[in-house]
Asks: 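Here's a structure for you.
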Amino acid sequence: MSVATRSRSGGRAGRRALRTAPDHEMLPGLTRKLPLCEPLDQDQIERLDDASMKILEEVGIIFRDAIALDDWRKAGAKVEGERVYLDRGLVRELIRTIPSSFTYHARNPANNVPLGGNRSMFVPMTGAPFIRDLDDERRNPTLDDLAMFHKLSHMLPAMHSSAHHIVEPYDHPISHRHLRITYSSIKYSDKTFMGMTTSPKNAEDVVEMCALLFGEDYLEDHPVTTGNCNGNSPLVWDETMLGAMRAFSRRNQPVLCSPFVLGGANTPASVVPAVAQLNAEALSALAYTQVIRKGAPAIYGHYLSTVSMKSGAPMAGTPEISLMNFLIGQLARYYNVPWRTSGSLGGAKTFDAQAGYESAATLSAVIHAGANYIWHAAGWNEAGMHCSVAKFIVDAEQCAMAYRMAEGPRWDDFDEALSAVRDVGPGGHYLGHPHTQENFQRAFFMPDMFDNNSIEQWKAEGEVEITERALTQARKLLLEYQEPKLDEAKNEALLDYIARREREIPAEDALNQDY
């Protein structure tokens, strides 16, 4: 049901009931209608492209993986030791077969998400080794904490995915975690989800679990999950990531090809040359996905940060990061491939003003840059070291606000609203006019997490700050949560698979590389 339909059904009493009833329906995948911020002219795009191609042709990329090196030889690349030199013609020929758009298919088809072109999605943060919990205490997370975040992801309308290991479940052996993480993503939400790529064997397990959930044949032409493969900047792809990439691409599942950029540390200390290197790294991986399987979906990715020359620590929300996102967006569109970035990054240690400023600056920039897959969009803090429940809630509302902005101006009630001007006339007010009564909910976004009351009313209501408001909202959502039940036969098949793999894989505090 659309917002417009919801706001115009059942008369005044019906509208009041709808306003007070919980509404956790996922927003459709975002269709952006705002102009893009594109600082580069065509000559500059081509100059950057040429610089990246020269890096690939003259400097080369290390592929620390015997299978990949053999694949590249067969594809016609020049291979010397572990270094692969890629001719620009070969690179262009390969990336041309990457789909410019596709649709993620969720176990609930109502939550399918188109991606590419002007279509975007928001995905929670992942990988946090610590949590700031419902009491705002920083501690080690558990599998129950991960389940909590998957439940919240399911209920927050602007989150289009349950991601995967939003926080690390320390109460399970490292070698088994990928199984429990994947099951949690599937069980507690019926949105699309991400798949672990911590080792090739783990990636294979994830895709096998997807086949149990959706069917082996279904995976052949339906993207259902996402693998992320990080490069080791500068100019290295390793065996773990390449093996995981093969596990996903062979089964026609999308891979984020993501150089891990710390600007000034593992790239030149300058925006445009840093992007030239990042672009070369991303193109080499994107091309390799097509060596693995022609036509497999792939996403131009990156993790993007700059480094403080005072401390060496990664920084977020800086102007150079925004500029790099603008440039990367233009390059991805030049190659006609979807692209991924990070949405709400910050380095603050608590959910404070720094966290808000950094995240808002980053999120606004990536919306105007035209990003498609907006990862780390909720919860990220302390440079990714912890996921904050409070920030998770507020970030998700910020994503809903960014969603509304990116939709652009609405014209569907233009004539009706202009008629209200005639009805009210000079000196009147619109609060009681039928158009206002019908449209106020959709006319202006009304945040739940921001307090816009007078200071007198705020004091009378207990002087509640935003962190406490957000934690209260999280508790409320968890009380309202209703699990989207898995088909019983599929649930049993998944649990049987997990039990078998946990018997086969030694319960070790090490990645599963061999079993």
Side-chain angles (χ1 to χ4, degrees), residues 35-62 85-89 91-92 95 98 230-237 256-287 299-310 312-343 345 347 358 361-376:
L36 298 170
C37 183
E38 298 189 314
L40 301 175
D41 61 31
Q42 189 62 27
D43 288 343
Q44 291 169 328
I45 292 173
E46 292 175 3
R47 186 177 176 189
L48 252 178
D49 169 71
D50 180 63
S52 298
M53 294 299 180
K54 284 179 178 175
I55 291 171
L56 294 174
E57 291 171 333
E58 299 170 10
V59 181
I61 304 282
I62 296 290
Y85 298 88
L86 295 173
D87 176 79
R88 67 185 66 198
V91 172
R92 294 195 200 286
I95 64 173
I98 297 173
N230 283 122
N232 298 330
S233 299
L235 306 174
V236 176
W237 289 94
L256 308 175
C257 299
S258 303
F260 196 94
V261 168
L262 301 170
N266 60 11
T267 73
S270 179
V271 166
V272 180
V275 171
Q277 177 192 302
L278 180 158
N279 189 50
E281 294 166 339
L283 288 174
S284 66
L286 288 165
I299 298 172
Y300 184 136
H302 63 79
Y303 173 78
L304 194 59
S305 181
T306 54
V307 170
S308 169
M309 295 300 158
K310 297 177 182 177
M315 298 187 294
T318 62
E320 291 78 19
I321 293 173
S322 296
L323 287 171
M324 284 192 266
N325 271 308
F326 296 147
L327 271 56
I328 293 163
Q330 286 192 258
L331 287 168
R333 288 186 288 276
Y334 178 70
Y335 303 120
N336 198 28
V337 293
W339 71 286
R340 163 254 158 150
T341 190
S342 302
L345 302 186
E358 288 176 331
T362 306
L363 183 61
S364 178
V366 302
I367 291 293
H368 288 95
N372 301 114
Y373 195 98
I374 304 173
W375 190 12
H376 302 315

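Scope of the values below: all heavy atoms of this structure, side chains included, with no hydrogens, waters or symmetry mates. This chain uses plain numbering: 1 for the first residue, then up along the sequence.
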Asks: Could you measure the distance from the CD1 atom of I61 to the CG atom of L56? Nearest 0.5 Å is fine.
Replies: 5.0 Å

Asks: With a 4.5 Å cut-off on side-chain heavy atoms, are H376 and R340 touching?
Replies: yes

Asks: Determine whether P273 and T267 make a side-chain contact, defined as any pair of heavy atoms from C-beta on separated by less than 4.5 Å.
Replies: no

Asks: Can you spot which of L304, T341, L48, L323 makes a side-chain contact (heavy atoms from CB on, under 4.5 Å) with I328?
Replies: L304

Asks: Are the side chains of W339 and V366 in touch, meaning some heavy atoms are under 4.5 Å apart?
Replies: no

Asks: With heavy-atom distances below 4.5 Å as the criterion, would you say the side chains of M53 and L283 are in contact?
Replies: yes

Asks: Keeping E358 on the side-chain end and G347 on the backbone end, is there a donor-acceptor pair under 3.5 Å?
Replies: yes

Asks: H302: which residues meet the ring-ring contact (aromatic ring centres under 6.0 Å, His included) condition with it, sequence neighbours left out?
Replies: none

Asks: So, the side chain of Q277 versus the backbone of I55: is there a donor-acceptor pair under 3.5 Å, distance only?
Replies: no

Asks: List the residues meeting salt bridge (Lys or Arg N to Asp or Glu O under 4.0 Å) with E46, not counting sequence neighbours, and say none if there are none.
Replies: none

Asks: I'd like to know if the side chain of S364 reaches the main chain of A361, judged simply by a donor and an acceptor atom lying under 3.5 Å from each other, with no hydrogens or angles considered.
Replies: no

Asks: Can you give me the closest heavy-atom contact between Y85 and E58, atom names plus distance?
Replies: CE2-O, 3.7 Å

Asks: Closest approach of F326 and A369, non-hydrogen atoms and distance?
Replies: CD2-CB, 3.6 Å

Asks: For the backbone of D87 and the side chain of E57, can you confirm whether one donor and one acceptor N or O come within less than 3.5 Å of each other?
Replies: no

Asks: Hey, does R88 have a side-chain heavy atom less than 4.5 Å from the side chain of S52?
Replies: no

Asks: Could you tell me whether the side chain of N230 and the main chain of S258 form a donor-acceptor pair under 3.5 Å?
Replies: yes

Asks: Report yes if the side chains of S342 and T362 come closer than 4.5 Å at any heavy-atom pair, otherwise no.
Replies: no

Asks: I need the minimum non-hydrogen distance between S305 and I321, along with the two atoms involved.
Replies: CA-CD1, 4.0 Å

Asks: Where is the tightest heavy-atom contact between Y335 and I95, given as atom of each residue plus distance?
Replies: CD2-CD1, 3.7 Å

Asks: Side chains of Q44 and Q330: closer than 4.5 Å at any heavy-atom pair?
Replies: no

Asks: One pair to check against side chain to side chain contact (heavy atoms under 4.5 Å, CB included): T306 and M324. What are the steps and the verdict?
Replies: CA-CA 10 Å; T306 54; M324 284 192 266; 3.7 Å; yes

Asks: Check the side chains of N279 and Y300 for a donor-acceptor pair under 3.5 angstrom, ignoring hydrogens and angles.
Replies: yes

Asks: Using a strict 4.0 Å threshold on nitrogen-to-oxygen distance, state whether D43 and R47 make a salt bridge.
Replies: no

Asks: What are the two closest non-hydrogen atoms of P338 and N372, and how far apart are they?
Replies: CA-OD1, 3.4 Å

Asks: Locate the shortest heavy-atom distance separating A285 from W237; write the atom from each residue and the value.
Replies: CB-CZ2, 3.3 Å

Asks: When you compare the side chain of S233 with that of L278, does any pair of heavy atoms fall below 4.5 Å?
Replies: no

Asks: Any chance you could measure S322, atom OG, to L363, atom CG, to the nearest 0.5 Å?
Replies: 10.5 Å

